[in-house]
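Order of listing sets the numbers, starting from 1, for every ligand and every atom in it.
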Amino acid sequence: MARDPRYDILFEPIKIGPVTAKNRFYQVPHCNGMGHPNPRAVAGMRGMKAEGGWAVICTEECEIHPTSDISPYKEARLWDDHDIPALAMMCEAVHEHGALAGCELTHHGPSCANHYSREMPIGPSHQPINGYDPMQARAMDREDIRNYRRWHREAAVRAERAGFDVIYVYAGHDIAMPMHFLQRRRNNRTDEYGGSLQNRVRLFRELIEETKDAVGHRCAVVVRYATDELIGPEGLTLEESQDIVGMLAELPDLWDVNVSSWYNDSTTSRFKPEGNQEPFIAFVKKMTSKPVVGVGRFTSPDTMVSQIRRGVLDMIGAARPSIADPFLPKKIEEGRPDDIRECIGCNICVSGDFTMSHFRCTQNPTMGEEWRKGWHPEIVPARKSEDEVLVVGAGPAGLECARTLGQRGYRVHLAEASDELGGRVAREAKLPSLSEWGRVRDYRTYQLGKLANVEIYRGSRLDPAHILEMGASRVVLATGAEWRRDGVGRMHGFAVPGFQGINVFTPDDIMAGKAVQGPVIVYDDDHYYMGGVIAEKLRRQGHDVAIVTPADLVSSWTQKTLESTHIQRRLLELGIELLVKQDVVAFKGDHVDLACVFTGRVTQRACASLVTVTARLPNDALHQKLMANPGALLEAGIKSVTVIGDALAPGTIAAAVYQGHRFGRELDEPAMGEVAFKREIPNLAV
Ligand code: ADP
Ligand code: SF4
């Protein structure tokens, strides 16, 4: 298909200092939970994006020296020459497809504790390091600053030797040394590096100049800069940033601009829409002739074009949209933007960094699996048999399974009990601010619609007799899960007294629109988003709501998706009471008994209804019934019955999509063994 001429502008080459990007698609630096211990996985992932048409592909933060050791987080590293080959692998993979490779040189200053290197942390002034590690950074003296500048310069040379085309001086977020020198609250120096803005900018300026001097003949020297910390006068403000950008305007070869800190930058769709950073970054282009790149979870080519035509950005920066769809540029280029697998803004990818494990994506089950499983996001192996497959249940697992099998050429029957496809995402997308989650269903429904070999049966609740009659030789059960009603979860192994009463509801009840009497207690022993979202929904309906959780924070796990701060703030602003470190030990019809998780001291709290958000149970009755009669399966010619997704073990939407994809991709393929992926075993040579 021909490209829509409206989008031609996105494919214009952009000159960045001495190098030229082939188009305007720019994958900004992003972490991935793989980092320096997994160079092949990183190269596979970055190379895939280059294949998908991104013109610039950057690393994650790349530590320049052992005094910048952000372990246990796994980022890139260029401490000395030993680190060059690993990053050279990434550069080769990126260059293979005509893209430029960018390296985000980083010194974390007082933002890292140096757990691995055991060097004393350093910073502009004496200060505790980020987080609650009982460590402090020491104030750098002039010699330390000279050393730091030398380390940066040497790292830039190493990056150039590794093959990078674009070298960063990183002052984005609240985790980079040049930013820390800019921040008044962190920089109390009285020498030429502290005090006036001129002085606080000095180090940033020197680093840009010295990096240009070291590698600027061949590499573009660019900056990443956060224009507003969004914490008021204690932080770096937009006003001050205008002066800073004015002072350095023409110095770097490109401005990559965003907001700080990370939770304001990579905000989930629950809290910020596409393009939300525009008010904070639009001024930059007016102050410089150099190209400007910015992010905003851009997935719509029309929005991208608008950003360029309105003079906000020159290049479309993306981390998450490039994770959800590494082939986003290619799809626009080939005139098929409807095929874009749009990021849903859930930040499951970000959780890979916080769990220090290969990152994953709700929308793109192949992300992080490019090298270790050889998975390509767009290409699947052709079918290896004539088997027909019946997939029961069209939630995320069933939809992805049917889509993948269909793409491989299998004949597929997808049966869904309700009239609507999507399972849990169809339900959850109707909860407050979660509408973008519907993209999990929409992408798959659209793709399935193009596959003549997949038949979809809506409003078809199958029982074992139906399945035996259908004549498919493979059966996949993706029948999902239901929230428990009995309070069993992490705190309770047995049913909680009173939880069987009529005024006890589950999230499924609330999503089904059951009427609730207030005041309401939401008991959250699940700790992801559901408890908070249900509380929000009920509060917006006008009920008095309190949320009780045994954890320190409401929706505690969302610290790993950068949502926790936004969630506590929103719930409090809505007037929802947050009762943390409390357990619900009984429901007595008109009140709950709450126990302090430390002392066990019981207090009472009046309420008319209780919503219990603790755990889910798989819908496995169909499976049990089918397996109870192996003779009937044999007679019906059914070779296998496989349970996937929440029906196997309830988890994240990402886990369900992954399992659906895995079954679809691996059917009839040779098994990889007990360890179903390649590993990067440490090299024992010293
Ligand atoms: P997952 O996250 O694993 O995909 P979901 O709960 O989102 O699970 O989706 C499960 C889907 O399966 C739901 O849409 C549900 O209506 C459907 N389903 C459950 N039992 C049956 C059945 N017996 N026949 C057809 N569809 C079913
Ligand atoms: Fe987007 Fe979620 Fe995928 Fe991250 S995990 S890229 S936020 S869909």
G645 neighbourhood, listing ligand 1 atoms whose heavy-atom distance to it stays under 4.0 Å
3 (O)

Under 30°, 30 to 60°, or over 60°: which ring-plane class applies to Y457 and H413, parallel, tilted or perpendicular?
parallel

Measure from the side-chain N and O atoms of H623 to the backbone N and O of L648, and report whether any donor-acceptor pair falls under 3.5 Å.
no

re atom 13 (C) of ligand 1, the protein heavy-atom contact at minimum distance is E416 OE1, 3.5 Å

Sub-4.0 Å atoms of ligand 1 with respect to non-hydrogen atoms of A415
25 (C), 26 (N)

Taking both backbone and side-chain atoms of N619, is any N or O found less than 3.5 Å from an N or O belonging to ligand 1?
no

Donor-acceptor contact below 3.5 Å, side chain R24 vs main chain I316
no

Heavy-atom contacts under 4.0 Å between A656 and ligand 1: side chain, backbone, both, or neither?
side chain

Looking only at protein heavy atoms, which one is nearest to atom 7 (O) of ligand 1, and how far off is it?
R424 N, 2.7 Å

Can you tell me how far apart CD (E60) and NE2 (H36) are? Round to the nearest 0.5 Å.
9.0 Å

Near A478 (heavy-atom distance under 4.0 Å), the atoms of ligand 1 are 10 (C), 11 (C), 12 (O)

Using a 4.0 Å cut-off to any heavy atom of G393, which atoms of ligand 1 qualify?
11 (C), 12 (O), 17 (C), 26 (N)

Enumerated ligand 1 atoms positioned under 4.0 Å from heavy atoms of G480
5 (P), 6 (O), 8 (O), 10 (C)

Check ligand 1 against G423 and write out every atom of the ligand that is under 4.0 Å from a heavy-atom position of the residue.
7 (O), 9 (O), 13 (C), 14 (O)

Tell me whether the guanidinium CZ or amine NZ of R224 lies under 6.0 angstrom from the six-membered ring centre of Y168 and within 45° of its axis.
no

Would you say A397 has any N or O atom under 3.5 Å from an N or O of ligand 1, going by distance alone?
yes

Which protein N, O or S atoms lie under 2.8 Å from atom 4 (Fe) of ligand 2, given by chain and residue number?
C349 SG

Would you say the side chain of M315 lies within less than 4.5 Å of the side chain of F25, judging by non-hydrogen atoms?
no

If we number the atoms of ligand 1 from 1 as shown, the ones under 4.0 Å from a heavy atom of L622 are 23 (N)

With a 4.0 Å heavy-atom cut-off (strictly under), which part of D463 contacts ligand 1: side chain, backbone, both or neither?
neither

Looking only at protein heavy atoms, identify the closest one to atom 20 (N) of ligand 1 and say how far it is in Å.
T479 CG2, 3.4 Å

Minimum-distance protein heavy atom relative to atom 23 (N) of ligand 1:
L462 O, 3.0 Å

Check whether any side-chain N or O of E482 sits under 3.5 Å from a backbone N or O of N619 as a donor-acceptor pair, and report yes or no.
no

V425 to ligand 1: N or O pair under 3.5 Å?
no

Select one of side chain, backbone, both or neither to describe which atoms of A426 lie under 4.0 Å from any atom of ligand 1, heavy atoms only.
neither

Check ligand 1 against S460 and write out every atom of the ligand that is under 4.0 Å from a heavy-atom position of the residue.
24 (N), 25 (C)

Which residue supplies the protein heavy atom nearest to atom 2 (O) of ligand 1, what is that atom called, and how far is it?
D646 OD2, 2.9 Å

Out of C401, A417, S418, who gets a non-hydrogen atom closest to atom 26 (N) of ligand 1?
A417

